[in-house]
Every structure is written in C-alpha cells, then in structure tokens.
J.: 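Mind having a look at this structure? Questions to follow.
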Amino acid sequence: MLNSKANENLLEGLNEEQRIAVQSVQGPLLIMAGPGSGKTRVITHRIAYLVQVMGVSPASIMAVTFTNKAAKEMQERVNQLLGSQASNITLGTFHNFGARVLRQYGDILGIDKQFVIYDDDEQKSIVKQSLEEFSLDPKQYSPSAINNAISAAKNKMLRPNEHAAHAKSYFDEIVNRVYVRYEKALLDNHALDFDDLLLKTVLLFQSDQNVLEKYQNRYKFLMVDEWQDTNKVQYLMTRMVAGDSNNLCVVGDPNQSIYSWRHADITNILDFENDNEKVKTVNLGRNYRSTGSIVSAAQSVIAPNANKSDLQLWTDNPQGNQIGVSYNYNEQEEALSVAAEIETLVNQENLRYGDIAIMYRTNAQSRAPEEAFVRSGIPYRIIGGLRFWERKEVKDLLSYLRVIHNPFDSLSLSRIINVPARGIGQKTLSLLNGWAQLNDLSLYKTVTDTIGEHSQHQISNPNEINTRSKKQLELFMSMLGRLTTIASESDVLQLFDQLIESIQYKKYIEEQDRSDDRWDNILELRSAISDYQDFAPEVGLSAFLESAALSTDLDQMDDSGPDAVTLITLHQAKGLEFPAVFMIGMEEGLLPHRRSIDSGDAAEIEEERRLCYVGMTRAQERLYMTIATNRSMYGNYNPGMSQTVGPSRFLKDIPSDLISIEGKSSLKKGIDISLPESSNNILTNQSRKRGGKTSPYNTGDHVKHKIFGAGVVVGCLITPLGNDFEVTVAFKGQGVKRLLASISNLEISD
DNA sequence: CAACAACAATTTTTT
DNA sequence: ATTGTTGTTG
C-alpha cells in the first residue's frame, strides 16, 4: 500500500462487496451491479484507488461509458476525488474512442482523416439511392430494414464478400448488393458510419500491430460500464486494447439489457467469464436507491424471465408508499391525472418539478402529457423525440459546415445546393449527380468543372444545364469558396456567423412557419459551436463536427436547467434516477410493444420486461404506473385503430399488496382540473374532425349540463357505429361522467 | 423552377 | 397529427 490514508478515505462508506470491487485491480473483474447498487460510486472510487493507493498514472486508465452524459458525470465525480490529475484519464464512449483512433491512424486503412460521420438518416438515404440505381422499389425493400441488415453484418464483422457467403434468401442478396454499393458511397464521400467507428478501429488493430501496441502500452487499466449492452465488435475492441496485461473490469447487469435490437449481445457477459480463466466476479445486489415497495415490485416483474441474472436485489430502505396504478379513460385523461398528481407532489409533498420524470415506451407518447402540462402551467422538458441534431434547420447548417470541411461529402452538398432556394432545381442536380457518377467524380468537382470557363469536362450531355442555372451554380460555388477561406483563417464561430450572413439564413427562416422555434434552434446550435471558438481554425471545425455527430439530446441534459419535469423514453432513462417516476401507457401493445408481441419471439417479450424493470428501478420514492383504456393512433380513435388491449401483463405480476389501484380517483377526489381562462384558446384551433365526422366538442371546452352543472371536456370519441359521440366531461364537484352528445344537450359556455 | 395541394406513411427503442 | 413525397399549376 502506497498510501494508507487515501486507502481509508476511499473505502469509507462502502459495503463489503463494493470494497472488494474497488480493491480488485489486477486481472479481469466482472461486477454484476443491480440497479441503484452504487455502481458509479464503485467505478469512480476504483479509479481513485488506482491512482492514489496503487500509484497508477491517470494517463494509463481508460473508462468507457454508454453515453457522453454518463462520461461527463463520471468525469465530474472523479474530479472531486482526484482533483486536477483526473483530467488525464481517458473517459468516453466506444464511438468516441474509435473516432479518435481513426482520426490519428485511419490513413493506414486508407481513411481520410477529415472523414465525416454519417448518421442514421444519411445511411438510409444512401441505401435508398442504391436501391434506385438497381431499379428496386424502396417501398418493397424498406431502406431501414436494409440499413439495419448492413449494420448487423458490420456488427458481426462481416465484410460484403463474407456477407455474400452467408446470404440465404433473396432479401439477403438484395442486402448484399446494396452493401457493396453502400460501402463505395461511403468511401467516395470520405465518410464513416457509426458502426465503422468501431469496426474500422478493430480492423486497424488487426492489421497493424504497432498501432495496437501503442494503445496497449498506454492503457494498462480498462473499465467498461453497461457491459450487457455492448456488441461483439466492442467486445473485440476491449479485449484487444486490454491485451496480455488484461486488467479489465466490466460492469453490467443482464436484467438491464435493453439494446439487443442494436445488436448488443448479452452473451458478452458469459463470454467474458469463459474467455478469462481467472475472472473474479463481484455481486452488488444491495439497492440504496429505492423504497422497499419499489424494489419488491421490480423484482416480481423481472422474475418470470427465463433468461435472467440470478443476482438478488434487496434493500434495507423503508417500505415507502404503494405503487400507484391508475386506470384512465384515454391518454388525455391519463395525462391530466398525472398533471394533477404532480401538482399534489409539488404542493404537498415538498418535491420539485425536477424531481419528477414521465417515462414511456415510444416517443409519440410524450404528446398528451406535453399538452396537459402546457395547459396546467407545469414546466417540463422533453429528452429525445424530434432530436435536436436531426431538425431540418440544424442539419442544413451542419451540412454547409461539413461541405466546407470535407468537399467530398456529396450527400451534404446535395442537401444544401438549393437551400435556401437559389434556382438550382432537381433537374440540374440530377444531371450533375449523373455526370458525377458516370465519371466517378465527387459532386463538388463536377460542379467546379461544369462552371469552369475553359473546362474540359463541360457537360456535353444533350440536356445541357441552362445558362440561368449555371449562373446560379457559379454564384453558389464562389460563396462556398469564400467560406472555405474564412474557415482556414477564422475560428469556427466566425465561420458560422459568416455562413448565416452569406446565405441570408435568417430571412429564409423567417419566411417559414414556427420561425421563432427554428431560430431558437439555430441560436442553440451557435451556442454549441461557441464551445469550439478557442481552437485553431480548422481544428475547431473538425472537433465541433465530430461532437455534433456523436452527441445526443441526453448529453445536453444537465442539472443546470430550470426546474422542470422530465419527459423521457424508457431506453434513455437507463442510468438515471428520480424521486418520483410516472410510467405511462402501461398497456399491452405498448409495453410490451405490439411489435414484440407479434414477433412471436419470447426473447423479445423478455427484453420488454427488462425495459419495464429498468423504468421501475429509476424511482427512488414514488412510482406510478398508468393505463389508458382507449388510446388514439395516428391521431384518431376509429374503431379498430386503438392499439390497446388492456393493462400490461407486467402489471399483473406485481403482488396486489404492493399497489394501490385508482380508477380516475385523482379526479374523483375533487382535484380541480378546470383550465385557467387564458389557456382556453390553445385548443380551439385544433381540428374538430374525428373519424371523418365533425365532433361537436373539443378537449378543453367549458360546458354546462342541466344536472351536473359546469365542467370541462376531457375527451370526445366517435361511437363504434360512427353516428354519435361519447363525450367525457369532468364536472366540478361531480366527478367524471361519460355522456352521449346527442342526448346530453351540453352547452359550450366558454 | 417554385409554390401549393393532395396523398401516403408513420411509431418501437439510439451510439 | 404530422411529416415527407408526388403531381399540378403559375
């Protein structure tokens, strides 16, 4: 022991198992960590232990996390323990690490160091283009399915020729043809996709022993979090970097494996134990996060899984409240009852809005609570959904920056060549693209050649580009040229401002609807760019583009924001915790999702069950699970369209003494859900169409009934026969009633 | 070539 | 409900 004082400090407050995990620093270590078992604490203390007690240099430690947000949090906590030394630790995601390796040594594999990273959208559009080239109908062969198959192949380390050998069906053959074309497109565009960041790194390590040794010599202690969600390529990468020293610690929980659809391979946990002879295993089963009720309920939900970890989760925490299960008429009512309960928690239970999260299976489910929160004035923020980096205005500007950074990126150039509209239409673009492909040139080069006065490549095509378009192309290219010069001389923020100015983007945005939102997004983008202002001109641009490609909405989520309720998918919620959690849409068809039920694959249902388990174990004190008996799909309640088939089977596995069931009781209890006058008009502009017929009432309408008095419409459905409407009204002091429009004579009072 | 209308497809989950 | 795609018109 180099430092016994540090040793004592670091082990203080840890339980026996946690101490063993922190102190086992030599050789392979597997930490099975249940939810809320102090996993992050163990990892950070283990890092500090390595440095302060074992005297390991921080530079030789690498910790890999699942998201950038997790990396950031871990960095902060290590900073607290180690101070300035902490900055020398390598901390990030697999994709981060891969990108860094390839920026430095990718040229060995023939990769341009200026490579751009293509996201899912761009991958799909390349697939679509390839299909069109082969005269295959993208409607018949879905680009997503093919893209997914290509990704699966890459995750199994199958190159196109190897994949061809495995082809079993006609679909596989199509995939293979597209795969070949797809790889060529990426090469031509000097681009890599997400999978390449991992795959090419492993290929590089395999083909160049010197490079691999550089990393092996540098990193002597490796830690990987969320091991149950790693894939085969990540497994290989980890083992290669760990090398013979094999001081590799992986942390995971098979019960929280929820990314098999992204080719995560749960057998990595088994393989780890099998591939390492003397692997040590530590089980962290004690939960410090949640109440007794929540832990027991979560246990009973995961129990039916055939494939599960035998790790028993337990807690000494007080039993706490029962889990609140509530039945609601439809998703609007579900959202209103959640909103009412939130107000109670905030006003009477001393919780802040920021202590509360709404979790759901699909992004589309955020809409109803969002509307309810707007109406009741509850502050909220949505994570994910229409992701920031995928918004049109953001992608447009990013595409400009990408073309400036890497002119070979023809995909980005196609995207922006006529945005804002400058008279370079589809006809011109397809002529140019055709020519580019015929001569194996980049689009950029083709355009340059086309407009050059004394160009040899003048498009000699019969359908020559007209002089007018040519003139526009000239103007466009000279503008790009100016911007490229600015990029090499000024910082990235100045470049961005000049870009906005040059293309008159503000004016363009103002002509569109929701222009305020769009402009806000651009300002947010600008503020993200300003983080790279101090870098040297080209370096700043490159670093910013990389972070833009690899960051997610979740990464932006930090505690500095205003006090607000968090709306988040169950997947994204992994690793987070909140004092109060509402899991909405606890219905068959939603959780488990219809797709997993229809697949007929028991393994898919088991994954849904784990997802439910992950959600439940995010809650510290209070957990609510809500059901809507009617749910709209694609905006209407037409008979047969509702995807709900009753409460989730997972709910039925929770012992009844752990739950308290409320059927609309929060409304019956007399909580006033009527709207503030001012918010009334938010809903009046909504379409009154329901199933083709015009609905007489809108959610939010104030109405009067002869017997029940004043109330607010919380739902209006067309009846199964389609000749009437069933109106659900919350009456002041009378509770919620369902009435037929034709006989109730409701008066809109406004 | 752009602006507008009509239409279809969409919803699992994301580094 | 909302988004993107396709076809028609000015």
Side-chain angles (χ1 to χ4, degrees), chain A residues 64-71 92-99 117-121 123 125 128 138-139 142 144 148 151 155 193-198 226 229-231 233-234 257-264 359-368 371 383-387 389-392 418-429 465-466 468-469 472 511-514 547 549-555 568-574 585 589-599 604 607-608 610-612 614-615 631-637 641 643 686-687 689-690:
Chain A
V64 182
T65 57
F66 193 67
T67 62
N68 291 305
K69 177 174 188 283
T93 64
F94 277 107
H95 292 86
N96 260 320
F97 177 69
I117 300 168
Y118 278 174
D119 67 16
D120 193 55
D121 266 359
Q123 295 174 40
S125 82
K128 214 171 140 198
K139 275 168 197 155
S142 125
S144 318
N148 194 39
S151 171
N155 279 286
D193 63 21
F194 282 122
D195 299 319
D196 285 340
L197 296 178
L198 311 174
E226 307 286 7
D229 285 323
T230 54
N231 61 37
V233 182
Q234 289 165 331
S257 154
I258 53 176
Y259 282 97
S260 71
W261 52 274
R262 216 175 70 190
H263 315 112
M359 299 181 186
Y360 36 79
R361 177 67 235 266
T362 65
N363 281 304
Q365 285 170 261
S366 68
R367 187 146 299 152
E371 278 172 15
I383 310 295
L386 304 160
R387 279 183 269 296
W389 301 104
E390 286 168 18
R391 285 176 199 156
K392 200 164 150 274
N418 199 33
V419 175
R422 54 174 69 87
I424 304 170
Q426 232 174 1
K427 181 97 181 285
T428 308
L429 185 58
I465 293 173
N466 63 48
R468 203 186 155 81
S469 301
Q472 294 304 313
E511 285 161 3
Q512 303 170 21
D513 40 53
R514 276 176 288 172
S547 95
L550 296 180
S551 68
T552 66
D553 270 25
L554 190 67
D555 304 330
I568 192 167
T569 63
L570 290 164
H571 280 90
Q572 290 202 102
K574 190 177 73 163
L590 228 35
L591 188 65
H593 195 272
R594 163 112 290 124
R595 297 274 260 246
S596 62
I597 300 172
D598 291 348
S599 75
E604 288 201 21
E607 181 147 319
E608 299 285 305
R610 292 193 292 270
L611 195 51
C612 185
V614 166
R631 187 171 289 277
S632 64
M633 221 188 160
Y634 308 136
N636 54 23
Y637 290 92
M641 286 295 280
Q643 54 179 310
Q686 280 184 1
S687 159
K689 287 220 157 178
R690 287 274 155 81

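Proteins come first, then strands; the chains are lettered A, B, ... in the order of their sequence lines, and each starts at number 1.
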J.: Think A:N68 has a side-chain N or O under 4.0 angstrom from the OP1 or OP2 of B:dT15?
T.: no
J.: Report which part of the nucleic acid A:N363 touches: base, sugar-phosphate, or nothing (heavy-atom distance under 4.0 Å, all strands).
T.: sugar-phosphate
J.: Kindly point out which of B:dT15, C:dT2, B:dT13 is positioned nearest to the side chain of A:W261?
T.: B:dT13
J.: List for me each residue that meets salt bridge (charged side-chain N to carboxylate O under 4.0 Å, His left out) alongside A:D119, sequence neighbours excluded, and say none if there are none.
T.: A:K395
J.: In whole angstrom, what separates A:R367's CZ from C:dT3's C1'?
T.: 11 Å
J.: Using the side-chain contact (heavy atoms from CB on, under 4.5 Å) criterion, which residues pair with A:R367? Sequence neighbours excluded.
T.: A:E371
J.: Got a sec, which residues hit side-chain hydrogen bond (donor to acceptor under 3.5 Å, both in side chains) with A:D120, two or more places apart in sequence or on another chain?
T.: A:K124, A:N147
J.: Pick the C1' atom in C:dT6 and in B:dT11, then give their distance to the nearest Å.
T.: 23 Å
J.: Mind calculating the distance between CG (A:D229) and P (B:dT15) to the nearest angstrom?
T.: 12 Å
J.: Might you list the N or O atoms of the protein lying below 3.5 Å from N or O atoms in nucleotides 1-5 of chain B, with each pair's distance?
T.:
from  : atom 1 : to     : atom 2 : distance (Å)
B:dC1 : OP1    : A:G425 : N      : 3.1
B:dC1 : OP1    : A:T428 : OG1    : 2.8
B:dA2 : OP1    : A:G423 : N      : 2.9
B:dA2 : OP2    : A:N418 : ND2    : 3.3

J.: Could you tell me how far apart A:F66 (CZ) and B:dT14 (C1') are, to the nearest whole angstrom?
T.: 7 Å
J.: Please give the distance between the C1' atoms of B:dT13 and C:dG4 as a whole number of Å.
T.: 22 Å
J.: Going 5' to 3' along nucleotides 4-10 of chain C, which nucleotides have protein heavy atoms under 4.0 Å from the base (write B), which only from the sugar-phosphate (write S), and which from neither (write -)?
T.: -S-----
J.: Under 4.5 Å between any side-chain heavy atoms of A:E226 and A:Y259, yes or no?
T.: no
J.: Quickly work out the A:I383 CD1 to B:dT13 P distance and round it to whole Å.
T.: 15 Å
J.: Over how many whole Å does the gap from A:K69 atom NZ to B:dT14 atom C1' extend?
T.: 16 Å
J.: What is the distance, rounded to the nearest whole Å, between atom CG of A:N148 and atom P of B:dT11?
T.: 14 Å
J.: Whole Å only: how far is the CG atom of A:N155 from the P atom of B:dT14?
T.: 17 Å
J.: Testing the basics here: between A:A99 and A:L550, what is the closest heavy-atom pair and its distance to 0.1 Å?
T.: CB-CD1, 4.2 Å
J.: Can you tell me the distance, in whole Å, between the CZ atom of A:R595 and the C1' atom of B:dT10?
T.: 10 Å
J.: Taking only residues two or more places apart in sequence or in another chain, which ones pass ring-ring contact (aromatic ring centres under 6.0 Å, His included) with A:F97?
T.: A:Y215
J.: State, without any angle test, whether A:S151 and A:D195 hold a side-chain donor-acceptor pair at a distance under 3.5 Å.
T.: yes
J.: For A:S142, check side-chain hydrogen bond (donor to acceptor under 3.5 Å, both in side chains) against everything at least two apart and list the hits.
T.: none
J.: Taking only residues two or more places apart in sequence, or in another chain, which ones meet A:T93 in a side-chain hydrogen bond (donor to acceptor under 3.5 Å, both in side chains)?
T.: A:N96
J.: Could you pull out all residues at least two apart from A:E607 that satisfy salt bridge (charged side-chain N to carboxylate O under 4.0 Å, His left out)?
T.: A:R610
J.: It should be established whether A:Q572 places a side-chain nitrogen or oxygen under 4.0 Å from OP1 or OP2 of nucleotide B:dT14.
T.: yes
J.: May I ask you to evaluate whether A:T569 reaches the phosphate of B:dT14, defined as a side-chain N or O under 4.0 Å from OP1 or OP2?
T.: yes
